[in-house]
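Reviewing the structure listed below.
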Amino acid sequence: MESIIYVPVRSKAHTLIDCNSVMSDMATKSAEVAIVGGGAVGTSILFHLTKRHDVSDVVLLERDQIGSGSTSRAVGGVRYTFSHPLNVEMGLQNLDFYKNFEANVGQELVFRENGYMYVFHSPASEREWEEYAELYGEYDTRATLLTPEETVEVFPALDAGSIRGSLWAPDCGHVDPYTVAQSMATASMERGATVETKARVRDVVTRDGRVAAVETDEHRYEVNYVVNAAGAWAPAIGQMVGIDIPIEWLIRQIMVTDEIGYDRCPLVIDRENQFYFEMEETGSLLVCDMGQDIHDVTDPEGAAADIGYNYYLQAFEKLEGLAPALGDLEVINDWAGLQSHTDDGHAILGPTSVDGFLLACGLSGHGIMQAPSVGVAISDLIVKGETDVFDLNSLTLDRFDSDDRIEPELMA
C-alpha cells in the first residue's frame, strides 16, 4: 500500500468539494470528520476527538441507536489477560480509563473489579498459563497462579477436584457496555459534536482518491475524514469505497439464570471446555458456551440464533462439571450477539488506500475492552498524523498482504 500523508484537521488544508448539484433533494452539511457507527468504539473516537484534541466539527452516524448493536450484546468484561504484549499494554490502558471513567469522561460508570479467573485442567495448559503469568508479571499486574484449593477459596462454588489450578487476575473487571457508549456520546455532544441516530449510511463518496462526502437518507455530509467503526457492517461500508475488509462474523449466545446466592463471583473462564460464566450485579449468573458459537454467518443483516433447550442443556453440563453447586439454577433470560473477527484475532485500525478513509473495526469481541485506547489512537492519527499510544502500524489493513505480520492473539 502506498504511503498516505494525513493533514491534521486544524490545518484546514483541504478544500471541500461542492456536490450540492448531485443530490439537490438531500440536505447538505459539512464536517471535518464523520464517524460511522455508534458503538463503544465509534463513540470513543468521537469523545477523544472532542476532549483530547478539542475538535467539535465531527458527526457520528449511527444506523439505529447509540450502543444498540454489538455493544448492547457484549458482556462488558475488561482485562489485560491477552497473549500478545501489544494487547496486554492496551488492556492496562483501558482498565485505567474505566476505573477513572467519571474523572475522564464526566459521566458516572460503575466499574466492578470482580476479577478474571482462568481455570485449567491439563499439564500442557498449566505450562501455558505459567508463561502468561510471567508475561503479566513484566507489567507489574496482580495476576498470579493458584492451586485448586486457593482457587476454591476465591469462589467456593468451584470443585477443586475438577481442576489443576487457575490464573487469577483480580485487577480485571466489568462495566456496562451500553452506559459506556451513551456516556461518551453525551459528553461529546456537550462539547459540540453532532450525533445522528437512525442515520444509515447509504454511500461514501470519493473524489481523486480521497474521501469527499458521506450520504444518509436525509443528509449529505461533505467531509475530509471518514472513520469506519461500523462493527459487523464495516465490510459493507468498506465496499462503498472499493476496500475489502477481511472480517468473519460469529454469533455468541448467552443464557442468564436466577440468583446464585453468592456475594461475589469472578468471571470464570474454562478455555479447554470453551465456556465461561460470571455473576451479574443482580446476583444472576451469566453463562456463555463458546463451543456453541455459530460460525457460518454470511450476512449480518439476517444473523439470528435460536437459543433454547439444547443450548441450555450443553451449557449446564459444562457448568455442573466445574461448579456442581450451580447445577440447579433456572434460566430466566437469554440473548445472542454478533461479533466481527479477523483471522489473527487483532483489530484492524488506521489508514487505507483511500486518503481520509480510516478503519476501526474487526475488534474480535474486544470492542468494549479496547475502545478507549483505540479512540485515543484514531483521534491522534486524524489530528496529528501519528500516535504513540500503541504500535498502530502493526494493526493496519495492509498487514494481511504482508509476510511479516503481527503474531496472532490467542486469547480472542
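The basis for the numbers below is simple: all heavy atoms, side chains too, and nothing from hydrogens, waters or symmetry mates. Position 1 is the first residue of the sequence, and the numbers go up from there.
- Relative ring orientation between Tyr132 and Tyr136 is described as parallel, the plane-to-plane angle staying below 30° on a 0-90° scale split at 30° and 60°.
- Note on Arg164 versus Glu128: no salt bridge recorded, every NZ/NE/NH1/NH2 to OD/OE distance being 4.0 Å or above.
- By the neighbour-count criterion of 12 heavy atoms within 6.0 Å, atom CD of Glu248 is sparsely surrounded, having that number or fewer from other residues, nucleotides or ligands.
- In summary, Arg63 and Glu301 engage in a salt bridge, as defined by a charged side-chain N under 4.0 Å from a carboxylate O.
- Classified by interplanar angle (parallel below 30°, tilted 30° to 60°, perpendicular above 60°), the ring pair His84/His346 is perpendicular.
- Using a 4.0 Å cut-off between charged side-chain N and carboxylate O, Lys99 and Glu113 make a salt bridge.
- For CD of Glu102, the number of neighbouring non-hydrogen atoms (other residues, nucleotides, ligands) closer than 6.0 Å is greater than 12.
- Interatomic distance, Ile368 CD1 to Leu363 CG, rounded to the nearest 0.5 Å: 10.0 Å.
- A side-chain donor-acceptor contact under 3.5 Å links His53 and Asp380.
- Ser83 and Glu409 form a side-chain donor-acceptor contact under 3.5 Å, judged by distance and modelled atom types alone.
- Residues Glu196 and Val59 approach most closely at CG-CG2, 4.5 Å, considering heavy atoms.
- Of all non-hydrogen atoms in Leu338 and Trp249, the two that sit nearest each other are CD1-CB, 4.1 Å.
- Electrostatic pairing of Asp343 and Arg405 counts as a salt bridge here, judged by a charged N lying under 4.0 Å from a carboxylate O.
- In this structure, the side chain of Lys51 engages the main chain of Asn104 through a donor-acceptor pair within 3.5 Å.
- Glu89 and Tyr139 share a side-chain donor-acceptor pair at under 3.5 Å.
- In this structure, Arg264 fails the cation-pi test against Tyr262, since its NZ or CZ atom is not both closer than 6.0 Å to the six-membered ring centre and inside 45 degrees of the ring normal.
- Nearest heavy-atom pair, Tyr311 versus Asp289, reported as atom, atom and distance to 0.1 Å: OH-N, 2.9 Å.
- Taking a cutoff of 4.0 Å between a charged side-chain nitrogen and a carboxylate oxygen, Arg399 and Asp344 qualify as a salt bridge.
- Atom CG of Asp299 has more than 12 neighbouring heavy atoms from other residues, nucleotides or ligands inside a 6.0 Å radius.
- Ala193 approaches Leu46 most closely through the heavy-atom pair CB-CD1, 3.8 Å.
- Electrostatic pairing of Lys29 and Glu218 does not count as a salt bridge here, judged by no charged N lying under 4.0 Å from a carboxylate O.
- Residues Lys198 and Asp217 are not paired through a salt bridge, judged by the lack of any N-O separation under 4.0 Å between the basic side chain and the carboxylate.
- Of the N and O atoms on the side chains of Asp171 and Tyr80, at least one donor lies less than 3.5 Å from an acceptor on the other residue.
- Ring geometry for Tyr98 against Phe101 counts as parallel: the plane angle stays under 30°, on a 0 to 90° scale with 60° as the upper cut.
- A 6.0 Å sphere centred on CD of Glu407 holds no more than 12 heavy atoms belonging to other residues, nucleotides or ligands.
- The aromatic rings of Phe277 and Phe155 sit tilted relative to each other, their planes meeting at an angle between 30° and 60°.
- Between Arg191 and Ser56 the shortest heavy-atom distance is O-CB, 3.2 Å.
- Side chains of Asp334 and Tyr312: a donor on one and an acceptor on the other come within 3.5 Å.
- Glu272 places a side-chain N or O within 3.5 Å of a backbone atom of His121 that can act as its donor or acceptor partner.
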